[in-house]
Amino acid sequence: MTQQLSLEQRRDTFNTLSEQYQAKIIICAGTGCMANGSMDIFRRFREVVVQKGLSVTVALEKERAHYMLSQSGCQGFCQMGPLVTILPQKILYTHVKPEDVEDIVETTLMNGQPVERLLYRTPAGEPVTEMSHIPFYEKQQRTTLKLCGMIDTQDIDEYIAHGGYFMARKAVLEMTGQQVCDEILASGLRGRGGGGFPTGRKWALTRTEESPVKYVVCNGDEGDPGAFMDRCLMEGNPHSVIEGMIICARAIGGTEGYIYVRTEYPLAVARLRTALEGARQAGYLGERIFGSRMSFDIHLMEGAGAFVCGEETALLASIEGRRGMPMPKPPFPAQSGLFGKPTVINNVETFSTVPVVMSQGAENYARIGTETSKGTKTFALTGHVANTGLIEVPFGATLRQIIGEIGGGVINDDGTNVGTDFKAVQIGGPSGGCLTQEHLDMPLDYENLQKVGAMIGSGGLVVMNNNTCMVKIARYFMQFTQNESCGKCVVCREGTRQMLALLGDIVEGRATEETIPLLEELAGVVKQGSLCGLGKTAPNPVLSTLRYFREEYRAHVEQKRCPAGQCEGLRVYAIEAEKCKSCGLCARNCPAGAIRGQKGQPYEIDPEKCVKCGACVASCKFNAITVG
């Protein structure tokens, strides 16, 4: 392919070449599936096809062959990986191993029949062949994620064949900056990074600033525990991010762009580099893009992984080579951002959604979602749920639909017993809050979540069953926030440290009646007095768990009891006299000398000496020791 080829020529050439293949084999090469050996499956397909006297080519080579072998980004159904999709039959195979490849080649590629043992099965045991008929996918509305998991991430021509870069060309050649801003504003698209600020308004504010230099910055510093939406988009459809940034540059008069990605995402970094180079060679980045007078290029910068660099002013400081620490606002980045110039900062999902909005049209896109929250949102669904993975649903979907229909239901800690009681879901990571059974049918959007003390954040959804201690969950997120505090403002640096200490007192049995009121007061101070948004939202997990699970906190403090039985410091070890055989094994294994007894009499545990290590439970052969 040469630079002189138009988008239409590249699209038509790719489609013509694709028609020659009898089948396309798509190997999920997202981080999760790769960690489970999907590249071994990829290599095995090449070997087996040749052994059968047939031929195969990989997507980038596009040689004449019987089959095309492609590496996609994350296909979303992480619980069932490694995943293999066969087109045009639309067959999805789950939990594939290298030793399964020969069966797939012989049964499916050569004879057109599915390998039933590799198909997804419903809870009733019925096999499902097509991906679109699997409840996990059937209940979603994949727009931003539509191509993620289907196209080869390294092949710009496949992205173009699915309409890629056509909207960027339209914006550059056929629209004014004002028209682009108006289109995005009319769509109702709001920032997907957590704040939910109207994207079109942010762009319009930057467009009206007088400056010969303006920047477009993509925030790929995804640091929330349990969140991997942006990572999967950068790995699975990097060209959509680039195209969204080009459209933004046209809207604001942008001259230069940066994608800021944490270095812990090596696969995303590598694929973005390849995509950026492909866009430059095609003439979509650099000088006179799409043959216009507009010049715009994008640089890739790796961050060191500081959570605070997800805050926009800290991110800009990091790009400039300074320590990533927040700055007071105003001035806002739209007025004075990167290197003091007007700057738009949006996250990966926002930019990736922009070409979708332009393609569908603002009016059509605005029909999706709720009155105030338009379109769809991606979520990373994790925790005590049968089907973990990357999902996309319209705003207004409920937790009952997400957890029960897409997620397949709540499970036990060991992954069994679908249908276990739901307790809560943490939404929005360390900046979010928890939702309970009373919120299962609440439409999820920015306003509704704000009313109940939570927020969408970047989109992490951590599902918890009844065995979960909510105080420990609050401590977990506070530990994370305290570790990641940049330390610039005293309120956040010392306030989160003291909150963490108070939570430690509660779960370890040292709390008094003053502890909970003091924790609430301190949370309010941190929320009001912190400099940046990360500090202001740091108390949210504590405040929301106190709001909905206060009795659980009180049980820890007043009764020195963890209702979920998860807090080691509050566990009480006892020996059931009727089960004890007086063998003395527990006493010999107790490191604290807390167990005493004699032959023929039941042994006893001294609670004052017991260090709650569990050695006695592990050594008892008669299950005579209870933990309460």
Visitor: Identify the two heavy atoms, one from Val344 and one from Thr206, that lie closest to each other, and give their separation to 0.1 Å.
Guide: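 Where Val344 meets Thr206 most closely, the heavy atoms are CG2-OG1, 3.2 Å.
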
Visitor: Report yes if some heavy atom in the side chain of Ile259 is under 4.5 Å from a heavy atom in the side chain of Met245; otherwise report no.
Guide: yes

Visitor: Classify the angle between the aromatic ring planes of Phe77 and Phe136 as parallel (below 30°), tilted (30 to 60°) or perpendicular (above 60°).
Guide: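 Parallel.
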
Visitor: Flag the pair Gln401 / Val393 as yes when at least one side-chain heavy-atom distance between them is below 4.5 Å, and no otherwise.
Guide: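 Not in contact.
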
Visitor: Do you know the tightest heavy-atom contact between Val269 and Leu300?
Guide: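 Heavy atoms only, the tightest pair is O-CD2, 3.6 Å.
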
Visitor: Determine, stepwise, if the pair Glu158 / Lys24 fulfils salt bridge (Lys or Arg N to Asp or Glu O under 4.0 Å).
Guide: CA-CA 13 Å; Glu158 188 165 6; Lys24 181 179 180 182; 2.3 Å; yes

Visitor: With side chain to side chain donor-acceptor pair (under 3.5 Å) as the criterion, how do Tyr215 and Thr255 come out once you've worked through the C-alpha distance, each side chain's angles and the decisive distance to 0.1 Å?
Guide: CA-CA 6 Å; Tyr215 292 102; Thr255 53; over 6 Å; no

Visitor: Using 0.5 Å steps for rounding, measure from the CD atom of Glu243 to the OG atom of Ser352.
Guide: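 The distance works out to 9.5 Å.
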
Visitor: Hey, are Gln75 and Thr85 close enough side-chain-wise for a donor-acceptor pair under 3.5 Å?
Guide: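 Yes, because at least one side-chain N or O of Thr85 sits under 3.5 Å from a partner of the opposite role on Gln75.
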
Visitor: In terms of side-chain heavy atoms, does Ser18 have a donor or acceptor partner in Asn15 at a distance below 3.5 Å?
Guide: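 There is no such pair between these side chains.
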
Visitor: Hey, are the side chains of Met110 and Leu54 touching, using non-hydrogen atoms and a 4.5 Å cut-off?
Guide: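 The answer is yes; the side chains approach within 4.5 Å.
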
Visitor: Any sub-3.5 Å donor-acceptor pair from Gln281's side-chain atoms to Gly278's backbone N or O?
Guide: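 No.
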
Visitor: Just checking, is any N or O donor in the side chain of Glu235 or Thr31 under 3.5 Å from an acceptor N or O on the other one?
Guide: yes

Visitor: Using the six-membered ring of Phe197, assess whether NZ or CZ of Arg201 lies under 6.0 Å from its centre and within 45 degrees of the ring axis.
Guide: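 The answer is yes; both the distance and angle limits are met.
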
Visitor: Consider side-chain contact (heavy atoms from CB on, under 4.5 Å). Of Val84, Asp40, Asp152, which one does Ile27 pass it with?
Guide: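 The single option meeting the side-chain contact (heavy atoms from CB on, under 4.5 Å) with Ile27 is Val84.
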
Visitor: Hey, does the side chain of Asn111 reach the backbone of Glu106 with a donor-acceptor pair shorter than 3.5 angstrom?
Guide: yes

Visitor: Is there a donor-acceptor contact under 3.5 Å linking the side chains of Glu392 and Thr376?
Guide: yes

Visitor: With sequence neighbours left out, write down each residue that passes ring pair (Phe, Tyr, Trp, His ring centres under 6.0 Å) with Phe395, or none if nothing qualifies.
Guide: Tyr446

Visitor: Spell out, as yes or no, whether a donor-acceptor pair under 3.5 Å connects the side chain of Ser373 to the backbone of Thr370.
Guide: no

Visitor: One pair to check against side chain to side chain donor-acceptor pair (under 3.5 Å): Thr108 and Tyr93. What are the steps and the verdict?
Guide: CA-CA 11 Å; Thr108 304; Tyr93 289 129; 2.5 Å; yes

Visitor: Under the criterion side-chain contact (heavy atoms from CB on, under 4.5 Å), which of Glu116, Glu102, Gln113 is the partner of Thr107?
Guide: Gln113

Visitor: Rounded to the nearest 0.5 Å, what's the gap from CD on Glu174 to CE on Met167? Could you check?
Guide: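 Glu174 atom CD to Met167 atom CE measures 8.5 Å (nearest 0.5 Å).
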
Visitor: Have a look at Asp103 and tell me which of Lys97, Arg117, Arg44 forms a salt bridge (charged side-chain N to carboxylate O under 4.0 Å, His left out) with it.
Guide: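 The passing option is Arg117.
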
Visitor: Please check this pair: side chain of Asp224 against backbone of Ala227, looking for a donor-acceptor N/O pair closer than 3.5 Å.
Guide: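 Pair absent, no side-chain N/O of Asp224 close to backbone of Ala227.
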
Visitor: Please name the pair of heavy atoms, one in Ala171 and one in Val180, separated by the smallest distance, quoted to 0.1 Å.
Guide: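 Of all heavy-atom pairs spanning Ala171 and Val180, the closest is CB-CG2, 4.1 Å.
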
Visitor: If you round to the nearest 0.5 Å, how far is CD of Glu311 from CG of Asn219?
Guide: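 One gets 9.5 Å once the value is rounded to the nearest 0.5 Å.
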
Visitor: Please answer whether the main-chain N or O of Glu126 pairs with a side-chain N or O of Thr122 as donor and acceptor at a distance below 3.5 Å.
Guide: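 A pair under 3.5 Å: yes.
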
Visitor: Step by step, would you call His239 with Tyr165 a ring-ring contact (aromatic ring centres under 6.0 Å, His included)?
Guide: CA-CA 8 Å; His239 285 288; Tyr165 288 111; 5.6 Å; yes

Visitor: Please examine the side chains of Val105 and Phe45, heavy atoms only from C-beta on, and report whether any two atoms are closer than 4.5 Å.
Guide: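 Heavy-atom side-chain distance check passes, below 4.5 Å.
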
Visitor: Looking at every non-hydrogen atom in both residues, tell me the closest pair between Tyr67 and Leu109 and how far apart they are.
Guide: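 Minimum heavy-atom contact is OH-O, 3.4 Å.
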
Visitor: Verify salt bridge (Lys or Arg N to Asp or Glu O under 4.0 Å) between Lys341 and Glu209, making sure each step is shown before the conclusion.
Guide: CA-CA 9 Å; Lys341 304 298 181 183; Glu209 292 291 321; over 6 Å; no

Visitor: Show, in sequence, the C-alpha distance, side-chain angles and deciding distance for Arg273 and Glu302, and conclude whether the salt bridge (Lys or Arg N to Asp or Glu O under 4.0 Å) test is met.
Guide: CA-CA 11 Å; Arg273 289 194 193 282; Glu302 296 180 56; 3.0 Å; yes

Visitor: Determine whether Leu185 and Trp203 make a side-chain contact, defined as any pair of heavy atoms from C-beta on separated by less than 4.5 Å.
Guide: no

Visitor: Without hydrogens or angle criteria, can the side chains of Tyr265 and Glu222 be said to hold a donor-acceptor pair below 3.5 Å?
Guide: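 Checked: Tyr265/Glu222 side chains pair up, N/O donor to acceptor below 3.5 Å.
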
Visitor: Is the side chain of Ser70 donor-acceptor paired with the backbone N or O of Ile25 at a distance under 3.5 Å, no angle test?
Guide: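 The answer is no, because no donor-acceptor pair under 3.5 Å joins these two groups.
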
Visitor: Using modelled atom types only, decide if a donor and an acceptor are shared between the side chain of Lys214 and the backbone of Glu256 within a distance under 3.5 Å.
Guide: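 Checked: no pair found.
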
Visitor: Taking CD in Glu363 as the centre, count heavy atoms belonging to other residues, nucleotides or ligands within less than 6.0 Å. Is the count above 12?
Guide: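 Check fails, neighbour count at 12 or below.
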
Visitor: Check whether any side-chain N or O of Ser292 sits under 3.5 Å from a backbone N or O of Ile289 as a donor-acceptor pair, and report yes or no.
Guide: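 The answer is yes, because a donor-acceptor pair under 3.5 Å joins these two groups.
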
Visitor: Report yes or no: does Ser318 contribute a side-chain atom to a donor-acceptor pair with the main-chain N or O of Gly324 at less than 3.5 Å?
Guide: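 Between the backbone of Gly324 and the side chain of Ser318 there is no qualifying donor-acceptor contact (under 3.5 Å).
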
Visitor: Quick check: closest heavy atoms across Asp100 and His95, and the distance to 0.1 Å?
Guide: OD2-O, 4.0 Å

Visitor: Are the side chains of Ser72 and Met150 in touch, meaning some heavy atoms are under 4.5 Å apart?
Guide: no

Visitor: Test your reading of the model: is there a side-chain donor-acceptor pair from Asn364 to the backbone of Gln360, 3.5 Å cut-off?
Guide: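 Pair found, side chain donor or acceptor close to backbone of Gln360.
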
Visitor: Under a 4.5 Å cut-off applied to non-hydrogen side-chain atoms, are Cys218 and Val348 in contact?
Guide: yes

Visitor: Working to the nearest 0.5 Å, report the span between CD1 of Ile246 and CZ of Phe351.
Guide: 11.0 Å

Visitor: Working to the nearest 0.5 angstrom, can you tell me the gap between Arg142 CZ and Leu147 CG?
Guide: 10.5 Å

Visitor: At their closest point, which heavy atom of Arg250 faces which heavy atom of Met294, and how far apart are they?
Guide: N-CE, 3.7 Å

Visitor: Got a sec, which residues hit side-chain hydrogen bond (donor to acceptor under 3.5 Å, both in side chains) with Asp182, two or more places apart in sequence or on another chain?
Guide: Gln178

Visitor: Checking Thr353 against Thr144: is there a side-chain donor and acceptor pair closer than 3.5 Å?
Guide: yes

Visitor: Are there over 12 heavy-atom neighbours, none belonging to Glu287, within less than 6.0 Å of that residue's CD?
Guide: no

Visitor: Nearest 0.5 Å, what's the CG-CZ distance between Asn347 and Arg192?
Guide: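 Going from CG on Asn347 over to CZ on Arg192, the span is 9.0 Å.
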
